[in-house]
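No hydrogens, no waters, no symmetry mates; every other heavy atom, side chains included, goes into these values.
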Amino acid sequence: MAVQLGDIAPDFVQESTEGTIKFHDWIGDKWAVLFSHPKDFTPVCTTELGAVAKLKPEFEKRNVKVIGLSVDPVTDHRKWAQDIQDTQGAALNFPLLGDADKKVSNLYGMIHPNANDTLTVRSVFVIGPDKKVKLTITYPASTGRNFDEILRVIDSLQLTANHKVATPVNWKDGQDCIIVPSLSDEDAKKLFPKGWKALKPYLRVTPQPNR
């Protein structure tokens with residue numbers, strides 16, 4: 001069964017470049033991004049891991065921990081880390097899971113047999129402090145991910161978890177939001193003292209409430 005939105009993220013114990021990871025314990029009270037890459041010593045993956053290393057302060061600012069995975073062993077990960085630093089100008093600063101037994105890959109459905117029956121695709125799982133899956137994205141092996149987009153989505157997930165708003169198309173942190181349709185105008189007045197602009201009865205635009 002595929003891991004779906006709202007599911008409890010499967011727990012596991014697996015070795016990584018930073019020692020044994022007990023996944024739910026490792027997440028603790030933070031958010032987490034678990035992302036797989038097809039194989040070590042491959043070009044697109046090298047660029048991705050370098051980018052994530054550079055963005056680590058941005059993830060930390062959002063109370064997010066990041067962890068990578070491939071079906072290669074941890075010994076390969078450690079050798080590959082030097083290539084990442086040499087070519088991307090950033091040292092690996094987050095754990096990479098070794099998943100040679102494919103235990104985690106199978107738990108999360110990261111191997112798509114019609115794409116490749118042995119290697120993981122580029123899966124992304126954003127997991128909340130409640131250990132529930134908040135976002136899944138799957139890219140093919142040939143396309144590198146946009147981690148700025150993943151940060152943008154985390155901003156939206158964290159905002160909408162705490163306020164009765166949704167975020168419109170192409171929204172970025174600091175921009176106007178949409179009051180959820182299930183909230184009456186009367187209740188909205190209590191929660192949104194800055195007011196809103198009603199483009200339609202179901203489309204009420206308001207300034208971002210935590211700004």
Side-chain angles (χ1 to χ4, degrees), residues 1-11 23-24 26-36 48 51-52 55-69 104 107-110 112 114-115 120-140 143-211:
M1 292 291 290
V3 175
Q4 297 185 326
L5 299 184
D7 288 351
I8 297 291
D11 199 10
F23 191 49
H24 282 193
W26 178 82
I27 294 172
D29 60 356
K30 297 182 181 295
W31 291 67
V33 175
L34 168 63
F35 66 104
S36 58
E48 287 189 325
V52 173
L55 286 171
K56 190 178 180 185
E58 291 298 319
F59 285 107
E60 289 179 338
K61 191 165 71 177
R62 293 162 171 83
N63 199 33
V64 178
K65 300 174 84 170
V66 292
I67 186 166
L69 171 148
V104 180
L107 269 178
Y108 280 79
M110 294 171 170
H112 292 208
N114 290 332
T120 45
V121 292
R122 296 186 197 283
S123 300
V124 181
F125 298 89
V126 176
I127 299 159
D130 58 3
K131 312 303 183 288
K132 291 184 179 179
V133 175
K134 309 297 183 183
L135 171 83
T136 64
I137 313 176
T138 303
Y139 293 73
T143 301
R145 285 164 280 212
N146 184 335
F147 283 93
D148 289 332
E149 164 64 5
I150 292 167
L151 286 169
R152 186 192 77 86
V153 175
I154 289 168
D155 286 338
S156 173
L157 290 169
Q158 293 182 340
L159 173 68
T160 59
N162 294 307
H163 300 275
K164 291 188 179 297
V165 293
T167 55
V169 63
N170 297 332
W171 174 89
K172 292 180 181 177
D173 187 39
Q175 295 180 346
D176 288 351
C177 305
I178 295 167
I179 299 171
V180 295
S182 59
L183 197 67
S184 69
D185 283 352
E186 186 176 339
D187 289 337
K189 287 174 185 174
K190 301 169 191 171
L191 294 177
F192 301 99
K194 295 176 185 175
W196 63 84
K197 181 178 181 182
L199 303 179
K200 291 288 181 182
Y202 59 86
L203 182 51
R204 297 166 293 177
V205 179
T206 189
Q208 184 170 324
N210 61 350
R211 285 300 186 98

### Task
Could you tell me whether Lys164 atom NZ has more than 12 heavy atoms of other residues or ligands within 6.0 Å of it?
no

### Query
Does Tyr139 have any ring pair (Phe, Tyr, Trp, His ring centres under 6.0 Å) partners at least two apart in sequence or in another chain, and if so, which?
none

### Message
Run the side-chain hydrogen bond (donor to acceptor under 3.5 Å, both in side chains) test against Thr167 and tell me which residues pass, sequence neighbours left out.
### Response
Ser156

### Worked verdict on Ile150 versus Ile154 for side chain to side chain contact (heavy atoms under 4.5 Å, CB included)
CA-CA 6 Å; Ile150 292 167; Ile154 289 168; 4.1 Å; yes

### Interatomic spacing from CG in Leu107 to CG in Leu34 - rounded to 0.5 Å
10.5 Å

### Query
What ring pair (Phe, Tyr, Trp, His ring centres under 6.0 Å) pairs are there with at least one residue in residues 143-179, not counting sequence neighbours?
Phe35-Phe147

### Query
Hey, are the side chains of Pro10 and Tyr108 touching, using non-hydrogen atoms and a 4.5 Å cut-off?
yes

### Message
Any heavy-atom pair between the side chains of Val33 and Phe59 that's under 4.5 Å?
### Response
yes

### Task
Output every pair passing salt bridge (Lys or Arg N to Asp or Glu O under 4.0 Å) with a member in residues 122-133, not counting sequence neighbours, ordered by first then second residue.
Glu48-Arg122, Asp130-Lys134

### Query
According to the salt bridge (Lys or Arg N to Asp or Glu O under 4.0 Å) rule, which pairs have a member within residues 195-211, sequence neighbours left out?
Asp173-Arg211, Asp185-Arg204

#### Entry: Nearest heavy atoms of Ile178 and Pro168, plus distance in Å
CD1-CB, 3.7 Å

### Query
Heavy atoms, side chains only, cut-off 4.5 Å: are Asp187 and Leu191 in contact?
no

### Residue pair Val126 / Val153, side-chain heavy-atom distance below 4.5 Å
no

## Note on the structure
On a heavy-atom basis, the closest approach of Pro129 and Asp29 is CB-O, 3.7 Å

### Message
Taking side-chain hydrogen bond (donor to acceptor under 3.5 Å, both in side chains) as the definition, give me every residue that meets it alongside Asp11, ordered by chain and number, with sequence neighbours left out.
### Response
none

### Task
For Cys177 and Leu159, run side chain to side chain contact (heavy atoms under 4.5 Å, CB included): C-alpha distance rounded to whole Å, both residues' side-chain angles, the deciding distance at 0.1 Å, then the answer.
CA-CA 10 Å; Cys177 305; Leu159 173 68; 3.6 Å; yes

### Query
For Arg62, which residues count as a salt bridge (Lys or Arg N to Asp or Glu O under 4.0 Å) partner, sequence neighbours excluded?
Glu58, Asp155

### Query
Is a side-chain N or O of Asp7 found less than 3.5 angstrom from the main chain of Gln4, in a donor-acceptor match?
yes

### Message
Please find the pair of heavy atoms, one from Gly195 and one from Pro207, that lie closest to each other, and give the distance.
### Response
O-CD, 3.8 Å

### Task
State which residues pass salt bridge (Lys or Arg N to Asp or Glu O under 4.0 Å) with Lys65; sequence neighbours excluded, sorted by chain then number.
none

#### Entry: Closest contact, heavy atoms only, Asn210 versus Gln208
OD1-NE2, 2.7 Å

### Query
Hey, is CG on Asn162 packed in by over 12 heavy atoms from elsewhere, all under 6.0 Å?
yes

### Approximate separation, where rounding is to 0.5 Å, of Leu55 CG and Glu60 CD
11.5 Å

## Note on the structure
d(Trp26 CH2, Ile67 CD1) to nearest 0.5 Å is 4.5 Å

### Task
Would you please name every residue forming a salt bridge (Lys or Arg N to Asp or Glu O under 4.0 Å) with Asp148, sequence neighbours left out?
none

### Query
Which pairs, with at least one residue in residues 174-183 and sequence neighbours excluded, count as a side chain to side chain donor-acceptor pair (under 3.5 Å)?
none

### Residue list, side-chain hydrogen bond (donor to acceptor under 3.5 Å, both in side chains) with Thr206, at least two apart or on another chain
none

### salt bridge (Lys or Arg N to Asp or Glu O under 4.0 Å) partners of Lys194, counting only residues at least two apart
none

### Contact check, side chains of Gln158 and Val64, non-hydrogen atoms, under 4.5 Å
yes

### Task
Measure across Val165 and Thr160 and return the closest heavy-atom pair with its distance rounded to 0.1 Å.
O-CG2, 3.1 Å

### Beyond-backbone contact of Ile137 with Phe125, side-chain heavy atoms, under 4.5 angstrom
no

